[in-house]
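Every chain is numbered from 1, with letters handed out A, B, ... down the list of sequences.
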Amino acid sequence: MSIIQPRTLQGFRDFLPDVMMARESIMERARTVFRSFGFAPIDTPALEYLEILTGKGGEETDRQLYRFEDHGGRKVGLRFDLTVPLARFAAQHIGQLGTPFKRYHLGTVWRGERAQRGRYREFMQCDFDTIGTTSLVADIEIVQVIHDLLLAIGIERFRVHINNRKVLNGLLERFELSDRTGPVLRALDKLPKIGREAVEQELCEAAGLSSEQAERVLTLAEIHGSNESILEQLEPLVAGSQRGEAGLDELRRTVEACAAAGVGTDRLQIDVSIARGLDYYTGTVYETFLTDLPTIGSICSGGRYDDLASLYTKQQLPGVGASLGLDRLLAALDELKLLEKAHTPADLMVAYFDKTRLHDYLRIAAELRRGGLAVECYPEPKKLGQQLKYADRKGFPYVLIAGDREFAENVCQLKHLASGRSETLSLENRAEAVIRFVRERAVS
RNA sequence: GUGGCUGUAGCUCAGUCGGCUAGAGCGCCAGAUUGUGGCUCUGGAGGCCGGGGGUUCGAGUCCCCUCAGCCACCCCA
């Protein structure tokens, strides 16, 4: 009988314990931060009716959609982001939930595009959105969440780039080119990649601007400098456009409020060149870059939308939110060698030292677990040296060793592998001395 | 979805012009007088050379197909 070659599909991956533990650690930290702002968890199905998913988004997302017929002949698709499911969810449940509604959602999404570094066909997004309010406070809070989130994950060197779509839309309005925002934004998004001339060409050819208009748009998109300086430079460009002025005002208020809320000025940058590809954003937009690896792309992006769920309900639901790309972030951290790769989640290993003492070891391990420690018992009475070697490789901080000598006095040795030092600790009172010792020295 | 580059041990890679039984380092397993790991020494396991087909007396090496990874486009987390 021939063996089936074990393999995974392009863009789909296995996760080994070392990576998976880093992944779960980030998820836990993300949840903690989301909750600290009052966002509540939700979940939705991976599979949706195709008509739900194909409504918005446009051709590109349609092409990337995994779609098929289910066993009952229904046309269905795998979700490609968490925003469309949120829209459907909100249309169905907002009556019970009330507004403003703040939710977070960690979920796997699927896109049938070509995989690359930091881009996969199956990946996890960590979304957080506030819907049902137009207040700029919600926009400001998104920046705070991104800020706290990255710090909680242990990333110090990052920068949140923000922009406001109304600024550019105001300018286009004056040119009577409001219907071209999509192509214009898509062209501008490429500015750092393909350069000014190529973008100008695309603006004229794909978006139909005159070269004079393209020049104006490019001047706008090329503004850079400190936040104050950008705000100053934008003023004359949007003057006369109500929408543009409103966008500028929102940018200014966001920057000021974030500073007041403790987001360092070096971590929030107005960047008029960012646009976000998705057409449904109408106000603030966000992208987040790692200072040490900007080429991996934005690891946390989002924006404000006027009407999230217009396809599914007549009730207008404005909102603002963003999404942490967990797998892209993980790829970046791996590349930057910032991933702590432990191979075990346990605090302590109990050595199977004396083969007649199995019951004692099992009892001690159970007592330690009841005290809140994660404990693994070595399964074979091998030589102690080998057990220590195993514990060291797996990354256990401590090994508990007890033989006749220790049991005679009802104590154990607790060996700290990194330093090689051993402590003698009492096993009385359900080993509480050991529990306290390990807990006090646990690194968060 | 389009185009380019790459694929040899768990990992990083060498392998000449097509020619002996496919190699190295690291890692892994075992041992070096039966209560203490990391260093050292000795030994060992582990490869259908990504998969399939073709050319040839002979293919890891050349050609075609396919799968996967990376890069660019597109798009985006």
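Residue contacts for A:D327: at a heavy-atom cut-off of 4.0 Å it reaches no nucleic acid atom on any strand shown. Note on A:E113: a base of the nucleic acid sits closer than 4.0 angstrom, heavy atoms only. Within the nucleic acid shown, A:R7 comes within 4.0 Å of sugar-phosphate atoms alone, with no base atom in reach, counting heavy atoms only. Within 4.0 Å of A:K415, counting heavy atoms only, lies at least one base atom of the nucleic acid. At a threshold of 4.0 angstrom between heavy atoms, the contacts of A:R117 are confined to the sugar-phosphate backbone, with no base atom among them. In this structure, A:G112 reaches neither bases nor backbone, as no heavy-atom distance under 4.0 Å exists between it and the strands shown. Heavy atoms of A:L326 sit nowhere under 4.0 angstrom from any nucleic acid atom. Counting any heavy atom pair closer than 4.0 Å across all strands shown, A:D404 reaches a base atom. No engagement by A:E122 is indicated, since no non-hydrogen atom pair under 4.0 Å with the nucleic acid exists. As judged by a 4.0 angstrom heavy-atom cut-off over every strand, A:G385 is placed among residues touching the sugar-phosphate backbone only. At the heavy-atom level, A:Y120 lies under 4.0 Å from base atoms of the strands shown. Among the atoms of the strands shown, base atoms are found under 4.0 Å from some heavy atom of A:A418. Residue contacts shown for A:I299 are limited to sugar-phosphate atoms, with no base heavy atom under 4.0 Å away.
Between B:rG31 and A:Q386, a contact under 4.0 Å exists linking OP1 or OP2 to a side-chain N or O. Residue A:R393 places at least one side-chain N or O closer than 4.0 Å to OP1 or OP2 of B:rC29. OP1 and OP2 of B:rA30 both lie 4.0 Å or more from every side-chain N or O belonging to A:K389. Between A:K382 and B:rA30, a side-chain N or O to OP1/OP2 separation shorter than 4.0 Å is present. Between A:Q116 and B:rC70 there is no side-chain N or O to OP1 or OP2 distance below 4.0 Å. Side-chain N/O atoms of A:R114 include none lying less than 4.0 angstrom from OP1 or OP2 on B:rC74. Residue A:Q387 places none of its side-chain N or O atoms closer than 4.0 Å to OP1 or OP2 of B:rG37.
Using a 4.0 Å cut-off between a side-chain N of Lys or Arg and a carboxylate O of Asp or Glu, A:K389 and A:D392 do not qualify as a salt bridge. The existence of a salt bridge linking A:R13 and A:E122 is excluded, since no basic side-chain nitrogen approaches an acidic carboxylate oxygen closer than 4.0 Å. Under a 4.0 Å N-O distance rule, the pair A:D81/A:R111 does not qualify as a salt bridge. A salt bridge does not link A:K75 with A:E51: every distance from a Lys NZ or Arg NE/NH1/NH2 to an Asp or Glu carboxylate oxygen is 4.0 Å or more. Look at A:D271 and A:R159 and you find no salt bridge, because none of the NZ, NE, NH1 or NH2 atoms lies under 4.0 Å from a carboxylate O. Using a 4.0 Å cut-off between charged side-chain N and carboxylate O, A:R267 and A:E156 make a salt bridge.
Following rounding to the nearest Å, A:R121 (CZ) and B:rC74 (P) show an atom-to-atom distance of 18 Å. Per the geometry, CD belonging to A:E202 stands 12 Å off C1' belonging to B:rC75, to the nearest Å. Spacing between atom CG of A:L293 and atom P of B:rA77 amounts to 17 Å, rounded to whole angstrom units. Atom CG of A:L384 and atom P of B:rU34 are 12 Å apart (whole Å). If you measure from atom CG of A:D81 to atom C1' of B:rC75, you get 13 Å, rounded to the nearest angstrom. Atoms OH (A:Y390) and P (B:rC28) sit 13 Å apart, rounded to a whole Å.
Pair assignment for B:rG58 gives none, since no Watson-Crick or G-U wobble pairing has each distance under 3.5 Å. Nucleotide B:rA24 forms a pair with B:rU12, judged by Watson-Crick or G-U wobble geometry with both contacts under 3.5 Å. Across every strand in view, B:rU2 sits in a pair with B:rA72 that passes the Watson-Crick or G-U test at under 3.5 angstrom. Base pairing analysis places B:rA30 opposite B:rU42; the two distances defining the Watson-Crick or G-U wobble pair are each below 3.5 Å.
Comparing B:rC5 with B:rC20, their P atoms sit 29 Å apart, to the nearest whole Å. Taking atom C1' in both B:rA22 and B:rG46, one finds a spacing of 14 Å when rounded to whole Å. Across B:rA68 and B:rG51, the matching P atoms stand 15 Å from one another, rounded to whole Å. Here, B:rC26 and B:rC73 have their C1' atoms 38 Å apart, quoted to the whole Å. Here, B:rU12 and B:rG38 have their P atoms 26 Å apart, quoted to the whole Å.
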